[in-house]
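When reading the values below, keep in mind they use all heavy atoms of this one structure, side chains included, and skip hydrogens, waters and symmetry mates. None of the values given here were measured: they were computed from a predicted structure.
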Amino acid sequence: MKIGFFQYNVIWRDRDANLAYIREKIKDLTFDLLVLPEFITSGYAFDSKEELIPFAESLNDSYTVNYLTGLMKGCRGYITGTIPELSENKLYNTSIVVGSEGLVTSFRKIHLPEYEKRAFSAGNKAVSCQCKGAKVGLTICFDAWFAPLSSKLKEQGVDIICHSACFGGAITPTIIPIRALENQCFYISCNRIGTELFDGEPDTYRGESQIVSPDGKVLVKAEKEEQLSIIDIDLSEVNHPAFGSLIMKDFVSEHSKYNIEIK
């Protein structure tokens, strides 16, 4: 299976320019699954909820979903990133999975940092879907800090966890290999690069997107520059990490000892 990430500098407040940039970079590629950063159409930083409304979309008739659907007809795969979603007068930070058939599923970020709580409501459901023969789970940035969400996705039988992100700190990249290892699945984390203003103060995103194997091995990792990486993986490694026979033959049964609920 061909999976990857596209780490780049999201253009602030210009949906058309962002979508055109994505198209230009991937239009000649074929892949099975590609992960983009958080807020691919708007940029992350905001001063007020009202500032985000022009970029918020209903998933029932989403310009971004329609655009990416057309793009996936050429790439023949699936693509995921987050957009501001507007539903019943609430804003959500929502990850969308799009293929040539259109919107496959969506996931609303559950764990919101204080900054996002000023504008966004939290989701309350773990979401996974089928993409090219793989069960794919969704997380967004700060979600990766909370092991129960990834464990809930494990309950759903995921082979790959996708992680769209916008972060500047050094902690998140250290967490990703742990999440892959403890759930014996592949993990694709895509951060962005560039600088935005937060309450008038500049802050820089660190990049360091990565793809990690069920062994917790980092297969590819970006630095702080733009990077588009697509690699081949073997899904038979899921639940069968190389070290597994040294410990036990059935990790899934151990995970099944826990009943995890999202309230």
Side-chain angles (χ1 to χ4, degrees), residues 1-5 31-38 77-82 95-97 99 104-107 109-111 125-165 172-191 208-222 229-262:
M1 185 175 185
K2 291 186 179 295
I3 65 172
F5 60 77
F31 50 79
D32 297 310
L33 178 63
L34 185 71
V35 182
L36 303 175
E38 201 172 4
Y78 293 86
I79 193 167
T80 180
T82 92
S95 181
I96 54 174
V97 178
V104 177
T105 196
S106 61
F107 163 72
K109 187 174 184 177
I110 293 174
H111 299 287
K125 184 179 180 182
V127 175
S128 59
C129 64
Q130 287 291 138
C131 295
K132 287 287 186 81
K135 190 74 170 290
V136 175
L138 301 173
T139 61
I140 303 171
C141 206
F142 196 36
D143 285 331
W145 287 46
F146 299 89
L149 176 56
S150 295
S151 296
K152 186 67 176 177
L153 293 172
K154 180 69 175 183
E155 284 184 359
Q156 297 179 8
V158 298
D159 303 300
I160 303 169
I161 295 177
C162 297
H163 178 246
S164 295
T172 300
T174 69
I175 293 173
I176 302 307
I178 297 171
R179 295 290 169 263
L181 179 64
E182 68 191 2
N183 293 293
Q184 297 88 54
C185 67
F186 288 94
Y187 206 115
I188 313 169
S189 176
C190 185
N191 192 25
E208 297 188 25
S209 301
Q210 57 187 310
I211 301 174
V212 184
S213 77
D215 278 322
K217 179 182 178 181
V218 178
L219 302 177
V220 59
K221 187 172 184 179
S229 291
I230 297 174
I231 64 171
D232 289 300
I233 62 167
D234 182 356
L235 290 178
S236 70
E237 294 179 29
V238 174
N239 295 324
H240 298 94
F243 66 81
S245 61
L246 300 175
I247 304 172
M248 65 176 56
K249 295 180 179 180
D250 184 9
F251 280 88
V252 176
S253 65
E254 295 300 309
H255 280 278
S256 67
K257 292 180 178 179
Y258 300 92
N259 183 20
I260 299 167
E261 297 182 5
I262 298 176

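Looking at His255, its side chain never comes within 3.5 Å of a backbone N or O of Ser253 through a donor-acceptor pair. In this structure, the side chain of Ser229 does not engage the main chain of Phe5 through any donor-acceptor pair within 3.5 Å. Listed for the His163 side chain is a donor-acceptor partner under 3.5 Å among the backbone atoms of Cys141. One N or O on the side chain of Asp32 and one on the backbone of Lys2 form a donor-acceptor pair closer than 3.5 Å. Looking only at distances, no side-chain donor or acceptor of Glu182 sits under 3.5 Å from a matching main-chain atom of Ser150. Looking only at distances, no side-chain donor or acceptor of Ser106 sits under 3.5 Å from a matching main-chain atom of Ile96. Remark: side-chain polar atoms of Thr139 are paired, donor with acceptor, to backbone N or O of Cys162 under 3.5 angstrom. In this structure a side-chain-to-backbone donor-acceptor pair under 3.5 Å is present from Glu155 to Ile260.
Ile262 places none of its side-chain heavy atoms less than 4.5 Å from the side chain of Lys125. For the pair Lys221 and Pro173, the minimum side-chain heavy-atom distance is below 4.5 Å. A 4.5 Å side-chain heavy-atom check between Gln130 and Thr105 finds every atom pair outside the cut-off. Side-chain contact between Leu33 and Met1: present, with at least one pair of heavy atoms (C-beta onward) separated by less than 4.5 Å. For the pair Cys185/Asp159, no side-chain contact is recorded, criterion being any heavy-atom separation below 4.5 Å from C-beta on. Using a 4.5 Å heavy-atom threshold, the side chains of Ile140 and Glu38 count as touching.
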Go through the steps to decide whether Thr172 and Trp145 satisfy the test side chain to side chain contact (heavy atoms under 4.5 Å, CB included), and finish with yes or no.
CA-CA 7 Å; Thr172 300; Trp145 287 46; 2.9 Å; yes
Dump the intermediate steps for side chain to side chain contact (heavy atoms under 4.5 Å, CB included) on Ile231 and Ile3, then the final yes or no.
CA-CA 6 Å; Ile231 64 171; Ile3 65 172; 4.3 Å; yes
Side chain to side chain contact (heavy atoms under 4.5 Å, CB included) evaluation trace for Val238 with Lys135
CA-CA 11 Å; Val238 174; Lys135 190 74 170 290; over 6 Å; no
Evaluate the side chain to side chain contact (heavy atoms under 4.5 Å, CB included) criterion for residues Phe107 and Thr80: first the C-alpha distance (whole Å), next the side-chain angles of each, then the deciding distance (0.1 Å), finally the verdict.
CA-CA 10 Å; Phe107 163 72; Thr80 180; over 6 Å; no
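In this structure, Leu153 and Val127 approach most closely via the heavy-atom pair CD2-O, 3.4 Å. Scanning both residues, Ser209 and Cys190, for their nearest heavy atoms gives OG-CA, 3.4 Å. Here the closest non-hydrogen pair linking Ile175 and Ala144 is CG2-O, 3.3 Å. A pairwise comparison of heavy atoms in Ser164 and Leu36 identifies OG-O, 2.7 Å as the closest pair. Heavy-atom minimum distance, Cys131 versus Val136: CB-CG2, 3.9 Å. Closest heavy-atom contact between Asn183 and Ser151: OD1-CA, 3.8 Å.
In this structure, Phe146 and His111 have parallel ring planes: the angle between them is below the 30° cut-off, well short of the 60° mark.
For the atom pair Gln184 CD and Glu237 CD, the distance stands at 12.5 Å (nearest 0.5 Å).
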